[in-house]
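Remarks on the structure that follows.
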2 protein chains.
Amino acid sequence: MPTARRSRTSKVRASPVRGYHHGDLRQALVTAGLALIEAEGAEALSVREVARRAGVSSAAPFRHFPSRIALMTAIAEEAMRRFHREFVEALEKAPTDDPLARFRAIGIAYLRWAFRNPTHFQVLSDRTLFDFEGATELRRQDQEIRLAMEEAVKAAIAKDRLRSDDVRLLHLTGRGLVYGLARMQVDGHMPRWGVAEHEAQAMAEKALDLLAAGLAKPA
Amino acid sequence: MPTARRSRTSKVRASPVRGYHHGDLRQALVTAGLALIEAEGAEALSVREVARRAGVSSAAPFRHFPSRIALMTAIAEEAMRRFHREFVEALEKAPTDDPLARFRAIGIAYLRWAFRNPTHFQVLSDRTLFDFEGATELRRQDQEIRLAMEEAVKAAIAKDRLRSDDVRLLHLTGRGLVYGLARMQVDGHMPRWGVAEHEAQAMAEKALDLLAAGLAKPA
DNA sequence: GCGGAATGTTATCGTCGCTTACATAAAATC
DNA sequence: GATTTTATGTAAGCGACGATAACATTCCGC
């Protein structure tokens, strides 16, 4: 009945193979969601708004995700994929001979990503926003990041460089500080601490340096 | 017309003065909201659910709060009031002679409250959940807590006990760690770090001890 | 090409935050 | 102490949300 409403029927599809009606709606929704979160914050994300931005009806996303939380999980996985990529790159550049310097470099990489992608970091940190248990790939990458830090700690202990030999405690302390600094920034607590926007990241890195120096063996 | 439906007309008011129709609906809503958050988490709070629990219609809360965020702000202020009370008590018991021990005691008090009131801590940390600027009393109490920590740092510097003399940096480092540990717990990250529920608080306190020891002057 | 599976739309449901119109109880005024 | 005024409640309804069902279209295997 529709009298050839669009003459796109024979159009050659653009490089990302356009599949069915939309193309790759699933990926488009994830991308639109990430952009939305980046622009408006995680709490601004609604399934309908994402659908709007992808140019489809409000029910369309439910063909690809059973629930809002499932969509958020896919978005979180994409965010983690990006974080993981950057993190691994930083790891490769990090010193391997000096374990304490490596420990510090890992923390810096973590901080840097969080400060540059605050809303994405926010999503990844907040487990009420997505289904952590159901995000297999995300969990694996998260663990990989954790192991990198743990190994740096172990190496430092092996070289007898630290004032404690409790891997778990050292690990928790390092992560606690870095996580806290990133969270303070994301949660908007920095200004109240007399730390201006432009210097927040530098200050956070100095705080990490201070911890690293403090963890080093005194004698 | 109502034939003395209640014989309360001349009753001496109970300590929390029962006012109009409901009594003190405003306070009842705040209390119900706090209980709801404690039981179901901050994201479970809706104006309608709070109204339901207070036994009033879904529009009633809007007589006392112009918006959901205003209700959340009042709830946050009550949470902060409780936190502040406990914190001040701890401050009074904290050592005054040894600034580093005082610094540590302050951190422990902060951690302790966060671990025992995770959902309330969550609300206070997340500025998207309430109107921080509009919460005057909360802001004052928050600043008071911050000043207590800052003064401990200054005292420690004055006694030449720390490896840095940058108040702002030391302050940020201490708060960053404590905030991060509390946040990790609240955000549910502890288990993945091999830290079981029952030992999380003790571990967090040990991490704080480790930082305090590390900040102390080596020589 | 044809039939089913995959993927889209429209319409609808119940809940949410919030507003409006109305009702009633308490306080203020005389 | 009756009346007016103000404070506080309810009922009904709006638009947006997450989610589902019924229907339409497109793709893909045969």
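First the proteins, then the strands, lettered A, B, ... as listed; each starts at 1. What you see is a predicted model; the values in this text were computed from it and never measured.
Within the 3.5 Å criterion, the main-chain N or O of A/Arg168 finds a donor-acceptor partner in the side chain of A/Asp166.
Residues A/Ile75 and A/Leu45 meet the side-chain proximity criterion, which asks for heavy atoms closer than 4.5 Å.
When rounded to the nearest whole Å, the span between CZ of B/Arg26 and P of D/dA7 equals 15 Å. Between the CG atom of A/Leu45 and the C1' atom of D/dA16 there is a distance of 14 Å, rounded to whole Å. Look at CZ on A/Phe62: it is 11 Å from P on D/dC17, rounded to the nearest Å. The distance between atom CZ of A/Arg68 and atom C1' of C/dC16, rounded to the nearest whole Å, is 13 Å. Here C/dA6 presents its P atom at 16 Å from CG of A/Asp24, a figure rounded to the nearest Å.
Rounding to the nearest 0.5 angstrom, the gap separating the NE2 atom in A/His84 from the CD atom in A/Glu144 is 3.5 Å.
Of the listed nucleotides (C/dT7, D/dC17, C/dC18), C/dT7 has the atom at the smallest distance from the side chain of A/His64.
Here ring-ring contact (aromatic ring centres under 6.0 Å, His included) pairs that include residues 52-82 of chain B, with residues two or more places apart or in two chains, number zero.
Non-hydrogen atoms lying under 4.0 Å from DNA chain D are contributed by A/Val47, A/Arg48, A/Arg52, A/Ala59, all within residues 47-61 of chain A. The stretch residues 28-44 of chain A does not touch DNA chain D, since none of its heavy atoms comes less than 4.0 Å from the strand.
Cation-pi geometry between A/Arg146 and B/Trp193 is met: under 6.0 angstrom from the ring centre, within 45 degrees of the axis.
Ring geometry for B/His120 versus B/Trp113: interplanar angle of 30 to 60°, hence tilted.
Partner of B/Leu177 under the side chain to side chain contact (heavy atoms under 4.5 Å, CB included) criterion, chosen from A/Leu211, A/Thr173, A/Leu181, A/Val178: A/Thr173.
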From CA spacing to verdict: side chain to side chain donor-acceptor pair (under 3.5 Å), A/Gln27, A/Thr31: CA-CA 6 Å; A/Gln27 186 54 46; A/Thr31 306; 3.3 Å; yes

